[in-house]
Amino acid sequence: MTTVRYSYLAQQFADPAPILEALAQLVATGDFTLGKSVGEFERAFAAMLGVRHAIGVGSGTDALKLSLKALGLGPGDEVITAANTFIATVGAIHETGARAVFVDCEDHFCMNVDQVEAVITPRTRAIMPVHFTGEVVDMTQLMAIAERHQLPVVEDACQGILSEWNGRRSGTWGIAGGFSLHPLKNLNVWGDGGIIVTNDDDMDARLRLLRNHGLKNRDEIEILGCNSRLDSVQAVIGNWLIPQTGAITESRIRNGAYYDAAFGQIPEVRIPPRRSGMKRVFHLYMVFAEQRDALFAYCLEHGVEAKIHYPIPLYQQKGLRELGYVAGDFPVTDRHAREVISFPVDQHLTEEDQASVVDVVRAFYQNG
Ligand SMILES: *Cc1c(COP(=O)(O)O)cnc(C)c1O
């Protein structure tokens with residue numbers, strides 16, 4: 001009896017004919033690894049973000065991992081990031097052999113930049129801000145701290161494509177920014193994919209080597225790398241989507257504004273602070289709700305596919321126990337795990353869908 005679904009993928013790709021035609025052309029050429037489609041996508045992505053270089057890789061996780069590796073990070077090093085992020089941020093850091101060090105988040109869902117300096121140690125080698133939910137980290141303040149301590153910044157912009165802080169796009173503040181092309185992200189292909197942007201020519205050169213076994217050419221290995229190329233098939237999907245990314249972003253922003261206005265009338269729902277001077281792109285539409293668990297159950301029962309991002313604070317997960325954190329270390333992250341709820345906000349949602357979501361939430365607090 002779902003009236004408002006969360007996943008829109010069937011709608012988005014309801015007419016795959018033009019993509020399948022482009023794929024047929026790819027098949028006809030046999031250009032299956034790092035060929036024309038990947039180069040085209042990289043150039044289009046770099047142009048869209050206004051950066052010198054974009055390097056296609058196997059996933060958003062690899063985009064972050066390879067950026068850290070290109071900076072020379074390894075065992076014994078520490079990377080500062082947010083306690084409330086998605087696991088992939090921490091996984092990417094730990095795959096390099098380095099260790100994640102957390103700061104808490106704030107009610108806008110991004111890291112509390114005021115806490116960063118207190119966790120810098122002699123082992124700190126990088127800062128990885130996360131533009132979580134499509135909100136943007138205060139990059140003016142964070143870059144000032146990074147410069148003061150001469151620490152490189154690698155942005156986890158996986159949820160933040162085309163978002164901006166002070167008129168400058170996410171992913172373009174630090175030495176590198178990583179994006180995910182996963183099916184659930186705002187620019188989504190048909191499987192895994194990722195892309196790194198940088199204005200630094202040396203980073204670009206190292207990243208291109210790292211993603212392709214360190215091969216300088218067919219016969220010469222320049223450095224030890226790995227196999228993390230953006231798949232040519234996925235680049236074809238990316239090339240089809242890239243002209244739509246601006247419109248996708250604008251409709252998410254419109255949908256976010258609709259919810260803000262409507263939920264603003266429901267006292268039991270608290271909208272996060274909407275800081276000015278930034279462009280948030282609503283990868284997720286997330287608010288704080290009284291009696292969250294009961295509201296969540298009520299939504300599912302009444303056909304609204306809400307989600308919780310996330311019910312268990314990342315830093316308290318069993319798989320991260322070796323980091324040594326204990327429950328209560330990050331109280332804002334803990335409170336969010338109890339209070340947040342996410343509603344569908346994608347570009348295929350109709351105003352009717354959004355009205356149904358709001359009606360169900362209102363009905364819960366009136367009769368629930
Ligand atoms: C999705 C995501 C990633 C990783 O992307 P994958 O392409 O799934 O590897 C990293 N960080 C954040 C915040 C994400 O949302």
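Start at 1 and go down the list; that is how both ligands and their atoms are numbered. One is the number of the first residue; the rest follow in order along the sequence. Computed from a predicted model, the values in this text were never measured in an experiment.
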Next on the checklist: Within the structure, is a non-hydrogen atom of His131 found at a distance of less than 4.0 Å from ligand 1?
Outcome noted: no

Checklist entry - How far is atom 12 (C) of ligand 1 from its nearest protein heavy atom, and which residue and atom is that? => result Asp156 OD2, 3.4 Å

Checklist entry - Relative to the heavy atoms of Gly60, which atoms of ligand 1 are at a distance of less than 4.0 Å? => result 4 (C), 5 (O), 6 (P), 7 (O), 9 (O)

Item to check | Protein heavy atom at shortest distance from atom 9 (O) of ligand 1 | outcome: Thr61 OG1, 2.5 Å

Checklist entry - With under 30° as parallel and over 60° as perpendicular, where do the rings of Phe330 and Phe102 fit, or are they tilted in between? => result perpendicular

Next on the checklist: For the aromatic rings, using the six-membered ring if either is Trp, is the centroid distance between His336 and Phe288 under 6.0 Å?
Outcome noted: yes

Item to check | Numbered atoms of ligand 1 (with element) below 4.0 Å of Thr89, judged on heavy atoms | outcome: 11 (N)

Checklist entry - Got a salt bridge between Arg275 and Asp138, using NZ or NE/NH1/NH2 to carboxylate O under 4.0 Å? => result no

Item to check | Any N or O of Ser180 closer than 3.5 Å to N or O of ligand 1 | outcome: yes

Next on the checklist: Can you tell me how the ring of Phe132 sits relative to the ring of Tyr310, calling it parallel under 30°, perpendicular over 60° and tilted otherwise?
Outcome noted: tilted

Checklist entry - What atoms of ligand 1 come within less than 4.0 Å of a heavy atom belonging to Lys185? => result 1 (C), 2 (C), 3 (C), 5 (O), 14 (C), 15 (O)

Checklist entry - In the hydrophobic cluster built from side-chain contacts under 4.5 Å, what are the other members alongside Met203? => result Ile55, Val57, Leu64, Leu66, Leu68, Leu71, Leu73, Val79, Ile93, Met128, Val154, Ile175, Ile196, Leu207, Leu209, Leu210, Ile223

Checklist entry - Are Asp260 and Arg274 close enough for a salt bridge, meaning some N to O gap below 4.0 Å? => result yes

Item to check | Close-contact set for ligand 1 against Cys158 heavy atoms, below 4.0 Å | outcome: 2 (C), 3 (C), 10 (C), 11 (N), 12 (C), 14 (C)

Item to check | Atoms of ligand 1 close to Val130 [distance to a heavy atom under 4.0 angstrom, numbered from 1] | outcome: 13 (C)

Checklist entry - What atoms of ligand 1 come closer than 4.0 angstrom to any heavy atom of Gln159? => result 13 (C), 14 (C), 15 (O)

Checklist outcome for this item: Note: ligand 1 atoms sitting under 4.0 Å from heavy atoms of Ala88 are 3 (C), 4 (C), 10 (C)

Checklist entry - Is it true that Arg206 and Asp200 have a side-chain N and a carboxylate O under 4.0 angstrom from each other? => result no

Next on the checklist: So, applying ring-ring contact (aromatic ring centres under 6.0 Å, His included) with Phe343, which one of Tyr6, Phe282, Phe263 is it?
Outcome noted: Phe263

